[in-house]
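Just so you know, residue 1 is the first one in the sequence shown, and it goes up from there. All figures in this text were calculated on a predicted structure; none of them were measured in a lab.
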Amino acid sequence: MKAPLVSIIIPVWNLWELTCACLDSIRAHTPGNAVEVIVVDNGSDDTTAAALSPMGEGLFGARFRRIRLETNRGFAVACNLGAAEAQGTYLLLLNNDTVLSPGWLPPLLREFDDEPRTGAAGPLLVYPDSGRVQHCGIAFAPTLQTEHLYANFPATHPAIRARRTLQAITGAAMLLPTALFRQCGGFHEGYKNGCEDLELCCRIREQGLRLAVVPESLVAHHESRTPGRKEHDAANATLLNRRCSGCFGPDLHRHALRDGFAIALTPWLDTYLTLPPDREAALTREHITDFDPGRCWETLQGEPLWHGGYEMLCSILDEAGRHAESAGVRLLQAGFFPTLPGFRQLARSAALSGNDELARQAAEKMQHIGDILEDPEPLVTRARGLVRWARRAGEPAVEALYTGWLTDIGLSADD
(Lines give C-alpha, C1' and ligand atoms only; values in the text may rest on other atoms or scores of the structure.)
Protein backbone atom coordinates (compact mmCIF):
# COMPACT_ATOMS: atom_id res chain seq x y z
CA MET A 1 0.00 0.00 0.00
CA LYS A 2 1.37 3.41 -0.99
CA ALA A 3 2.34 5.64 1.94
CA PRO A 4 -0.20 8.40 2.64
CA LEU A 5 0.63 12.04 2.08
CA VAL A 6 -0.92 13.12 5.39
CA SER A 7 -1.32 11.31 8.68
CA ILE A 8 -4.23 12.73 10.69
CA ILE A 9 -3.67 12.35 14.44
CA ILE A 10 -6.81 12.72 16.57
CA PRO A 11 -6.59 12.39 20.38
CA VAL A 12 -9.95 11.59 21.97
CA TRP A 13 -11.45 11.09 25.38
CA ASN A 14 -15.17 10.27 25.35
CA LEU A 15 -17.50 12.69 23.47
CA TRP A 16 -18.22 10.04 20.86
CA GLU A 17 -20.72 12.20 18.97
CA LEU A 18 -17.98 14.73 18.22
CA THR A 19 -15.49 12.08 17.12
CA CYS A 20 -18.11 10.50 14.89
CA ALA A 21 -18.88 13.81 13.15
CA CYS A 22 -15.16 14.57 12.76
CA LEU A 23 -14.42 11.21 11.12
CA ASP A 24 -17.42 11.52 8.82
CA SER A 25 -16.21 14.94 7.67
CA ILE A 26 -12.72 13.63 6.92
CA ARG A 27 -14.11 10.86 4.76
CA ALA A 28 -16.60 13.14 3.00
CA HIS A 29 -14.16 15.94 2.19
CA THR A 30 -10.80 14.24 1.62
CA PRO A 31 -10.42 12.77 -1.87
CA GLY A 32 -8.80 9.43 -2.66
CA ASN A 33 -6.32 7.81 -0.32
CA ALA A 34 -4.33 10.93 0.52
CA VAL A 35 -4.61 10.41 4.28
CA GLU A 36 -4.36 7.86 7.01
CA VAL A 37 -6.26 8.41 10.24
CA ILE A 38 -4.79 7.52 13.64
CA VAL A 39 -7.11 8.00 16.60
CA VAL A 40 -5.53 7.80 20.04
CA ASP A 41 -8.18 6.88 22.60
CA ASN A 42 -7.25 8.21 26.04
CA GLY A 43 -9.16 5.55 27.97
CA SER A 44 -12.68 6.51 26.87
CA ASP A 45 -15.50 4.83 28.78
CA ASP A 46 -18.41 5.96 26.62
CA THR A 47 -19.52 4.65 23.21
CA THR A 48 -16.05 5.44 21.85
CA ALA A 49 -14.61 2.30 23.40
CA ALA A 50 -16.76 -0.06 21.33
CA ALA A 51 -17.70 1.99 18.28
CA LEU A 52 -14.43 3.65 17.25
CA SER A 53 -12.69 0.76 15.49
CA PRO A 54 -15.71 -0.48 13.49
CA MET A 55 -16.52 3.03 12.29
CA GLY A 56 -12.93 3.97 11.48
CA GLU A 57 -12.27 0.78 9.58
CA GLY A 58 -15.54 1.13 7.71
CA LEU A 59 -14.65 4.63 6.59
CA PHE A 60 -10.92 4.29 5.92
CA GLY A 61 -10.16 0.57 5.77
CA ALA A 62 -6.50 -0.27 6.29
CA ARG A 63 -5.69 3.44 6.50
CA PHE A 64 -7.28 3.64 9.93
CA ARG A 65 -5.58 2.80 13.21
CA ARG A 66 -6.73 3.05 16.77
CA ILE A 67 -4.32 3.32 19.67
CA ARG A 68 -6.01 2.49 22.96
CA LEU A 69 -4.67 3.79 26.28
CA GLU A 70 -6.10 2.41 29.49
CA THR A 71 -6.01 5.79 31.24
CA ASN A 72 -6.27 9.40 30.10
CA ARG A 73 -2.67 10.49 29.62
CA GLY A 74 -3.50 13.83 28.07
CA PHE A 75 -3.27 15.61 24.75
CA ALA A 76 0.52 15.73 24.38
CA VAL A 77 1.15 12.05 25.11
CA ALA A 78 -1.67 10.98 22.82
CA CYS A 79 -0.44 13.11 19.90
CA ASN A 80 3.14 11.93 20.35
CA LEU A 81 2.07 8.28 20.35
CA GLY A 82 0.06 8.80 17.20
CA ALA A 83 2.87 10.69 15.48
CA ALA A 84 5.33 7.89 16.31
CA GLU A 85 3.26 5.52 14.15
CA ALA A 86 2.55 7.99 11.36
CA GLN A 87 3.70 7.11 7.85
CA GLY A 88 2.66 10.31 6.08
CA THR A 89 4.94 13.06 4.82
CA TYR A 90 2.84 15.52 6.82
CA LEU A 91 1.04 15.34 10.14
CA LEU A 92 -2.32 16.96 10.72
CA LEU A 93 -2.85 17.36 14.45
CA LEU A 94 -6.62 17.56 14.81
CA ASN A 95 -9.05 17.92 17.70
CA ASN A 96 -12.08 15.66 17.64
CA ASP A 97 -14.39 18.67 18.09
CA THR A 98 -13.69 19.81 14.53
CA VAL A 99 -15.62 19.31 11.29
CA LEU A 100 -13.72 19.63 8.01
CA SER A 101 -15.16 21.46 5.00
CA PRO A 102 -14.96 20.64 1.29
CA GLY A 103 -11.55 21.45 -0.18
CA TRP A 104 -9.83 21.84 3.19
CA LEU A 105 -6.57 20.04 2.31
CA PRO A 106 -5.22 21.48 -0.99
CA PRO A 107 -4.85 25.09 0.29
CA LEU A 108 -2.83 23.88 3.28
CA LEU A 109 -0.51 21.84 1.09
CA ARG A 110 -0.07 24.74 -1.34
CA GLU A 111 1.14 26.90 1.53
CA PHE A 112 4.20 24.67 1.86
CA ASP A 113 4.80 24.66 -1.90
CA ASP A 114 4.41 28.44 -2.25
CA GLU A 115 6.46 29.37 0.80
CA PRO A 116 9.38 27.01 1.52
CA ARG A 117 10.00 28.66 4.90
CA THR A 118 6.61 27.55 6.23
CA GLY A 119 7.04 25.26 9.20
CA ALA A 120 3.40 24.76 10.14
CA ALA A 121 0.05 25.90 8.75
CA GLY A 122 -3.46 25.83 10.10
CA PRO A 123 -6.89 26.32 8.57
CA LEU A 124 -9.22 29.15 9.42
CA LEU A 125 -11.30 27.88 12.33
CA VAL A 126 -14.88 29.12 12.58
CA TYR A 127 -17.64 28.63 15.11
CA PRO A 128 -20.21 26.11 13.82
CA ASP A 129 -23.26 27.60 12.11
CA SER A 130 -22.17 31.21 12.62
CA GLY A 131 -19.61 31.95 9.93
CA ARG A 132 -17.58 33.81 12.56
CA VAL A 133 -13.90 33.37 13.29
CA GLN A 134 -12.73 31.26 16.18
CA HIS A 135 -9.03 31.23 15.22
CA CYS A 136 -6.94 32.94 12.56
CA GLY A 137 -3.77 33.06 14.64
CA ILE A 138 -2.73 33.64 18.25
CA ALA A 139 -1.89 37.21 19.30
CA PHE A 140 -0.12 38.42 22.43
CA ALA A 141 -1.36 41.42 24.41
CA PRO A 142 1.22 43.71 26.08
CA THR A 143 0.83 41.59 29.22
CA LEU A 144 1.64 38.51 27.05
CA GLN A 145 -1.86 37.20 27.62
CA THR A 146 -2.83 35.16 24.56
CA GLU A 147 -5.98 35.58 22.53
CA HIS A 148 -7.38 34.40 19.24
CA LEU A 149 -6.82 37.26 16.83
CA TYR A 150 -10.07 38.72 15.47
CA ALA A 151 -12.26 36.17 17.22
CA ASN A 152 -15.93 36.59 16.23
CA PHE A 153 -15.13 38.65 13.14
CA PRO A 154 -17.08 37.48 10.08
CA ALA A 155 -14.88 34.98 8.26
CA THR A 156 -15.16 37.07 5.09
CA HIS A 157 -13.65 40.21 6.66
CA PRO A 158 -10.58 41.51 4.74
CA ALA A 159 -8.39 41.40 7.88
CA ILE A 160 -8.91 37.63 8.05
CA ARG A 161 -7.57 37.21 4.51
CA ALA A 162 -4.35 39.16 5.10
CA ARG A 163 -1.05 37.31 5.26
CA ARG A 164 0.71 38.15 8.49
CA THR A 165 3.64 37.17 10.68
CA LEU A 166 2.40 34.98 13.53
CA GLN A 167 4.19 33.85 16.67
CA ALA A 168 1.82 30.95 17.32
CA ILE A 169 -1.12 29.04 15.90
CA THR A 170 -3.41 26.57 17.61
CA GLY A 171 -2.76 22.85 17.79
CA ALA A 172 -6.48 22.18 17.36
CA ALA A 173 -5.81 21.85 13.61
CA MET A 174 -2.17 22.13 12.56
CA LEU A 175 -0.40 20.70 9.51
CA LEU A 176 3.37 20.32 9.55
CA PRO A 177 6.01 17.98 8.12
CA THR A 178 6.26 14.77 10.10
CA ALA A 179 10.05 15.04 10.15
CA LEU A 180 9.85 18.56 11.62
CA PHE A 181 7.49 17.47 14.40
CA ARG A 182 9.91 14.72 15.37
CA GLN A 183 12.93 17.01 15.04
CA CYS A 184 11.27 19.44 17.48
CA GLY A 185 10.77 16.60 19.94
CA GLY A 186 7.01 16.50 19.46
CA PHE A 187 4.86 17.99 22.18
CA HIS A 188 6.47 18.45 25.57
CA GLU A 189 4.59 16.07 27.84
CA GLY A 190 4.88 18.15 31.00
CA TYR A 191 1.86 20.25 29.99
CA LYS A 192 -1.65 19.18 30.90
CA ASN A 193 -3.94 19.92 27.95
CA GLY A 194 -2.70 23.42 27.26
CA CYS A 195 0.34 25.36 25.97
CA GLU A 196 1.80 22.32 24.18
CA ASP A 197 1.09 24.01 20.86
CA LEU A 198 2.67 27.29 21.98
CA GLU A 199 5.95 25.58 22.82
CA LEU A 200 5.90 23.64 19.56
CA CYS A 201 5.43 26.92 17.68
CA CYS A 202 8.38 28.36 19.59
CA ARG A 203 10.58 25.40 18.57
CA ILE A 204 9.50 25.72 14.93
CA ARG A 205 10.32 29.44 14.87
CA GLU A 206 13.69 28.79 16.51
CA GLN A 207 14.59 26.95 13.31
CA GLY A 208 13.90 30.02 11.22
CA LEU A 209 10.56 28.75 9.96
CA ARG A 210 7.29 30.63 9.80
CA LEU A 211 3.73 29.89 10.86
CA ALA A 212 0.64 30.53 8.79
CA VAL A 213 -3.13 30.38 8.89
CA VAL A 214 -4.64 29.64 5.47
CA PRO A 215 -8.13 31.18 5.24
CA GLU A 216 -8.98 29.24 2.07
CA SER A 217 -9.01 26.10 4.24
CA LEU A 218 -12.09 26.19 6.47
CA VAL A 219 -12.74 24.02 9.54
CA ALA A 220 -15.57 24.33 12.08
CA HIS A 221 -14.40 24.09 15.69
CA HIS A 222 -16.61 23.69 18.75
CA GLU A 223 -13.68 24.78 21.00
CA SER A 224 -12.82 23.50 24.48
CA ARG A 225 -15.44 20.79 24.69
CA THR A 226 -13.29 18.40 26.73
CA PRO A 227 -14.32 18.49 30.44
CA GLY A 228 -11.71 20.13 32.68
CA ARG A 229 -9.96 21.72 29.68
CA LYS A 230 -8.88 24.87 31.57
CA GLU A 231 -8.14 23.42 35.00
CA HIS A 232 -4.36 23.52 34.50
CA ASP A 233 -4.00 26.89 32.75
CA ALA A 234 -1.93 28.54 35.49
CA ALA A 235 0.50 25.63 35.84
CA ASN A 236 0.82 25.34 32.08
CA ALA A 237 1.58 29.05 31.74
CA THR A 238 4.27 28.81 34.42
CA LEU A 239 5.91 25.88 32.65
CA LEU A 240 5.75 27.68 29.29
CA ASN A 241 7.36 30.81 30.75
CA ARG A 242 10.18 28.72 32.17
CA ARG A 243 10.83 26.70 29.03
CA CYS A 244 10.24 29.40 26.40
CA SER A 245 11.32 32.60 28.12
CA GLY A 246 11.79 35.38 25.57
CA CYS A 247 10.24 33.44 22.69
CA PHE A 248 7.04 35.48 22.56
CA GLY A 249 6.51 39.23 22.59
CA PRO A 250 3.52 41.59 22.44
CA ASP A 251 2.12 41.85 18.93
CA LEU A 252 -1.62 42.54 19.25
CA HIS A 253 -1.02 46.27 18.85
CA ARG A 254 1.00 45.69 15.68
CA HIS A 255 -1.71 43.55 14.08
CA ALA A 256 -4.29 46.18 15.02
CA LEU A 257 -2.29 49.08 13.57
CA ARG A 258 -1.55 47.20 10.35
CA ASP A 259 -5.23 46.43 9.81
CA GLY A 260 -6.49 49.92 10.59
CA PHE A 261 -7.68 49.37 14.16
CA ALA A 262 -6.71 50.84 17.53
CA ILE A 263 -6.09 49.20 20.89
CA ALA A 264 -7.74 50.25 24.14
CA LEU A 265 -7.74 49.33 27.84
CA THR A 266 -10.54 48.57 30.25
CA PRO A 267 -10.31 50.05 33.78
CA TRP A 268 -9.02 46.62 34.89
CA LEU A 269 -6.28 46.61 32.18
CA ASP A 270 -7.76 44.12 29.73
CA THR A 271 -6.97 45.03 26.13
CA TYR A 272 -9.51 45.20 23.32
CA LEU A 273 -9.62 46.52 19.77
CA THR A 274 -11.57 49.53 18.54
CA LEU A 275 -12.06 51.55 15.40
CA PRO A 276 -10.09 54.81 15.18
CA PRO A 277 -12.28 57.64 16.54
CA ASP A 278 -12.73 59.31 13.15
CA ARG A 279 -13.97 56.08 11.55
CA GLU A 280 -16.31 55.38 14.49
CA ALA A 281 -17.77 58.89 14.27
CA ALA A 282 -18.18 58.76 10.49
CA LEU A 283 -20.14 55.51 10.61
CA THR A 284 -22.40 56.81 13.36
CA ARG A 285 -23.12 60.03 11.44
CA GLU A 286 -23.87 58.02 8.31
CA HIS A 287 -26.55 55.94 10.03
CA ILE A 288 -28.01 58.08 12.79
CA THR A 289 -30.12 60.43 10.64
CA ASP A 290 -31.92 57.69 8.72
CA PHE A 291 -31.50 54.56 10.81
CA ASP A 292 -32.43 51.19 9.34
CA PRO A 293 -31.79 48.04 11.47
CA GLY A 294 -31.09 45.82 8.48
CA ARG A 295 -28.60 48.23 6.97
CA CYS A 296 -26.97 48.72 10.38
CA TRP A 297 -26.49 44.97 10.81
CA GLU A 298 -25.07 44.71 7.31
CA THR A 299 -22.58 47.48 8.09
CA LEU A 300 -21.54 45.65 11.28
CA GLN A 301 -20.53 42.64 9.18
CA GLY A 302 -17.98 44.82 7.41
CA GLU A 303 -17.10 46.87 10.50
CA PRO A 304 -17.53 44.52 13.48
CA LEU A 305 -15.74 47.00 15.77
CA TRP A 306 -18.29 49.78 15.21
CA HIS A 307 -19.38 50.30 18.81
CA GLY A 308 -22.10 52.83 18.02
CA GLY A 309 -23.77 50.43 15.62
CA TYR A 310 -24.39 47.88 18.36
CA GLU A 311 -25.76 50.58 20.63
CA MET A 312 -28.21 51.93 18.04
CA LEU A 313 -29.34 48.48 16.91
CA CYS A 314 -29.94 47.18 20.43
CA SER A 315 -31.83 50.32 21.39
CA ILE A 316 -34.26 49.75 18.52
CA LEU A 317 -34.60 46.04 19.33
CA ASP A 318 -35.28 46.73 23.01
CA GLU A 319 -37.88 49.41 22.18
CA ALA A 320 -39.65 46.86 19.98
CA GLY A 321 -39.61 44.27 22.77
CA ARG A 322 -37.27 42.00 20.77
CA HIS A 323 -35.15 41.26 23.82
CA ALA A 324 -33.84 37.86 22.70
CA GLU A 325 -32.41 39.42 19.54
CA SER A 326 -31.03 42.30 21.57
CA ALA A 327 -29.34 39.88 23.99
CA GLY A 328 -27.68 38.10 21.07
CA VAL A 329 -26.31 41.35 19.69
CA ARG A 330 -25.29 42.50 23.18
CA LEU A 331 -23.38 39.24 23.68
CA LEU A 332 -21.44 39.83 20.48
CA GLN A 333 -20.82 43.44 21.50
CA ALA A 334 -19.55 42.43 24.95
CA GLY A 335 -17.11 40.04 23.31
CA PHE A 336 -15.59 42.88 21.32
CA PHE A 337 -15.93 45.60 23.98
CA PRO A 338 -15.61 44.20 27.54
CA THR A 339 -16.98 47.21 29.42
CA LEU A 340 -19.03 47.36 32.61
CA PRO A 341 -21.92 49.22 30.89
CA GLY A 342 -21.87 46.59 28.17
CA PHE A 343 -22.13 43.69 30.62
CA ARG A 344 -24.85 45.54 32.52
CA GLN A 345 -26.88 45.99 29.33
CA LEU A 346 -26.28 42.36 28.38
CA ALA A 347 -27.59 41.19 31.77
CA ARG A 348 -30.71 43.35 31.37
CA SER A 349 -31.51 42.18 27.83
CA ALA A 350 -30.88 38.56 28.77
CA ALA A 351 -33.15 38.79 31.81
CA LEU A 352 -35.93 40.44 29.77
CA SER A 353 -35.65 37.67 27.16
CA GLY A 354 -35.91 34.95 29.81
CA ASN A 355 -32.31 33.77 29.29
CA ASP A 356 -31.50 33.42 32.97
CA GLU A 357 -28.22 31.61 32.37
CA LEU A 358 -26.81 34.38 30.20
CA ALA A 359 -28.02 36.98 32.67
CA ARG A 360 -26.27 35.07 35.48
CA GLN A 361 -23.01 34.88 33.53
CA ALA A 362 -23.07 38.62 32.84
CA ALA A 363 -23.76 39.35 36.51
CA GLU A 364 -20.87 37.11 37.58
CA LYS A 365 -18.57 38.91 35.17
CA MET A 366 -19.56 42.26 36.66
CA GLN A 367 -18.96 40.94 40.17
CA HIS A 368 -15.51 39.65 39.15
CA ILE A 369 -14.63 43.03 37.67
CA GLY A 370 -15.88 44.79 40.78
CA ASP A 371 -13.64 42.62 42.95
CA ILE A 372 -10.61 43.56 40.84
CA LEU A 373 -11.38 47.27 40.94
CA GLU A 374 -11.78 47.31 44.73
CA ASP A 375 -7.98 47.22 45.05
CA PRO A 376 -6.47 49.34 42.25
CA GLU A 377 -2.90 49.25 43.54
CA PRO A 378 -1.92 46.01 41.72
CA LEU A 379 -3.32 47.50 38.51
CA VAL A 380 -1.27 50.68 38.97
CA THR A 381 1.89 48.65 39.63
CA ARG A 382 1.29 46.58 36.52
CA ALA A 383 0.60 49.62 34.34
CA ARG A 384 3.78 51.36 35.48
CA GLY A 385 5.77 48.19 34.90
CA LEU A 386 4.44 47.97 31.36
CA VAL A 387 5.34 51.62 30.73
CA ARG A 388 8.91 50.89 31.80
CA TRP A 389 9.05 47.81 29.59
CA ALA A 390 7.67 49.72 26.61
CA ARG A 391 10.31 52.42 26.98
CA ARG A 392 13.12 49.87 27.09
CA ALA A 393 11.66 47.92 24.16
CA GLY A 394 11.06 50.97 21.99
CA GLU A 395 7.29 50.45 21.87
CA PRO A 396 5.82 53.99 21.94
CA ALA A 397 2.28 52.81 21.17
CA VAL A 398 2.29 50.52 24.21
CA GLU A 399 3.87 53.23 26.37
CA ALA A 400 1.17 55.71 25.36
CA LEU A 401 -1.57 53.17 26.07
CA TYR A 402 -0.60 52.60 29.70
CA THR A 403 0.53 56.17 30.33
CA GLY A 404 -2.92 57.27 29.17
CA TRP A 405 -4.60 54.81 31.54
CA LEU A 406 -2.57 56.17 34.47
CA THR A 407 -3.32 59.77 33.47
CA ASP A 408 -7.04 59.01 33.33
CA ILE A 409 -7.00 58.00 37.00
CA GLY A 410 -4.87 61.04 37.97
CA LEU A 411 -1.49 59.33 38.29
CA SER A 412 1.89 59.66 36.63
CA ALA A 413 3.76 56.81 34.99
CA ASP A 414 6.89 57.71 36.95
CA ASP A 415 5.61 57.96 40.56
Side-chain angles (χ1 to χ4, degrees), residues 4-15 18-19 22-23 25-26 35-44 48 52 56 60 63-98 100 105 108 119-123 125 135 138 168-205 207 209 211 219 221-233 235-236 239-240 243-244:
L5 179 60
V6 179
S7 298
I8 301 179
I9 312 299
I10 308 173
V12 305
W13 181 57
N14 294 331
L15 300 176
L18 295 179
T19 303
C22 179
L23 294 175
S25 73
I26 296 171
V35 303
E36 66 174 352
V37 177
I38 302 172
V39 179
V40 185
D41 180 4
N42 258 319
S44 297
T48 304
L52 177 58
F60 305 102
R63 292 187 179 274
F64 175 83
R65 270 172 286 164
R66 172 204 185 196
I67 300 173
R68 168 74 180 181
L69 304 177
E70 293 307 314
T71 59
N72 187 348
R73 297 178 61 189
F75 177 82
V77 171
C79 287
N80 289 345
L81 287 172
E85 293 198 10
Q87 299 177 14
T89 304
Y90 294 92
L91 292 179
L92 178 70
L93 307 169
L94 188 67
N95 281 14
N96 70 326
D97 59 351
T98 57
L100 308 187
L105 181 56
L108 291 175
L125 300 183
H135 173 84
I138 293 173
I169 61 177
T170 180
M174 178 191 292
L175 185 74
L176 74 167
T178 303
L180 177 61
F181 184 79
R182 292 169 178 167
Q183 183 180 343
C184 291
F187 284 130
H188 181 64
E189 296 180 1
Y191 299 104
K192 296 182 179 179
N193 297 335
C195 291
E196 304 94 337
D197 48 2
L198 294 179
E199 175 162 338
L200 177 61
C201 288
C202 176
R203 303 305 170 211
I204 291 171
R205 289 172 46 234
Q207 299 192 40
L209 300 173
L211 306 166
V219 172
H221 184 212
H222 292 276
E223 190 183 29
S224 300
R225 290 291 296 273
T226 301
R229 169 68 176 80
K230 298 183 179 296
E231 289 179 0
H232 306 286
D233 281 2
N236 288 333
L239 180 59
L240 179 71
R243 291 180 54 82
C244 298

**OP:** Could you walk me through whether His232 and Asn193 pass side chain to side chain contact (heavy atoms under 4.5 Å, CB included), step by step?
**Re:** CA-CA 7 Å; His232 306 286; Asn193 297 335; 5.6 Å; no
**OP:** Write down the atom of Pro11, the atom of Cys79, and the distance for their closest heavy-atom approach.
**Re:** CG-SG, 3.8 Å
Subject >> His188 side-chain N/O to Glu199 backbone N/O, donor-acceptor pair under 3.5 Å >> reply: no
**OP:** Show your working on side chain to side chain contact (heavy atoms under 4.5 Å, CB included) between Leu81 and Leu69 and close with a plain yes or no.
**Re:** CA-CA 10 Å; Leu81 287 172; Leu69 304 177; 3.6 Å; yes
Original post:
Which heavy atom in Leu176 sits nearest to a heavy atom in Ala120, and how many Å separate them?
Top reply: CB-CB, 3.9 Å
Subject >> Heavy-atom closest contact (Val35 atom, Leu105 atom, distance) >> reply: CG1-CD2, 4.4 Å
Subject >> Flag side-chain contact, heavy atom, 4.5 Å: Phe181 against Asn80 >> reply: yes
**OP:** Classify the ring geometry between Phe60 and Phe64 as parallel (under 30°), tilted (30 to 60°) or perpendicular (over 60°).
**Re:** parallel
**OP:** Might you point out which heavy atoms bring Glu196 and Lys192 nearest each other, and give the distance in Å?
**Re:** OE2-C, 4.0 Å
Original post:
Less than 4.5 Å apart, any side-chain heavy atom of Arg203 and any of Arg243?
Top reply: yes
Original post:
Taking all atoms of both residues into account, what is the closest heavy-atom pair of Arg182 and Ala83, and its distance?
Top reply: NH2-O, 2.7 Å
Subject >> Parallel, tilted or perpendicular: ring planes of Phe187 versus Phe75, cut at 30 and 60 degrees >> reply: tilted
Original post:
Crowded around Arg66 CZ? As in, over 12 foreign heavy atoms under 6.0 Å?
Top reply: yes
Original post:
If every non-hydrogen atom of Gln207 is compared with every non-hydrogen atom of Cys184, which pair is closest and at what distance?
Top reply: NE2-SG, 3.4 Å
Subject >> Close side-chain approach of Ile10 and Ile26, heavy atoms under 4.5 Å >> reply: yes
Original post:
Applying the side-chain contact (heavy atoms from CB on, under 4.5 Å) test to Val12, which of Asn42, Thr19, Asp97 qualifies?
Top reply: Thr19
**OP:** Take Leu94 and Leu100 through the test side chain to side chain contact (heavy atoms under 4.5 Å, CB included) and record every step on the way to the result.
**Re:** CA-CA 10 Å; Leu94 188 67; Leu100 308 187; 4.2 Å; yes
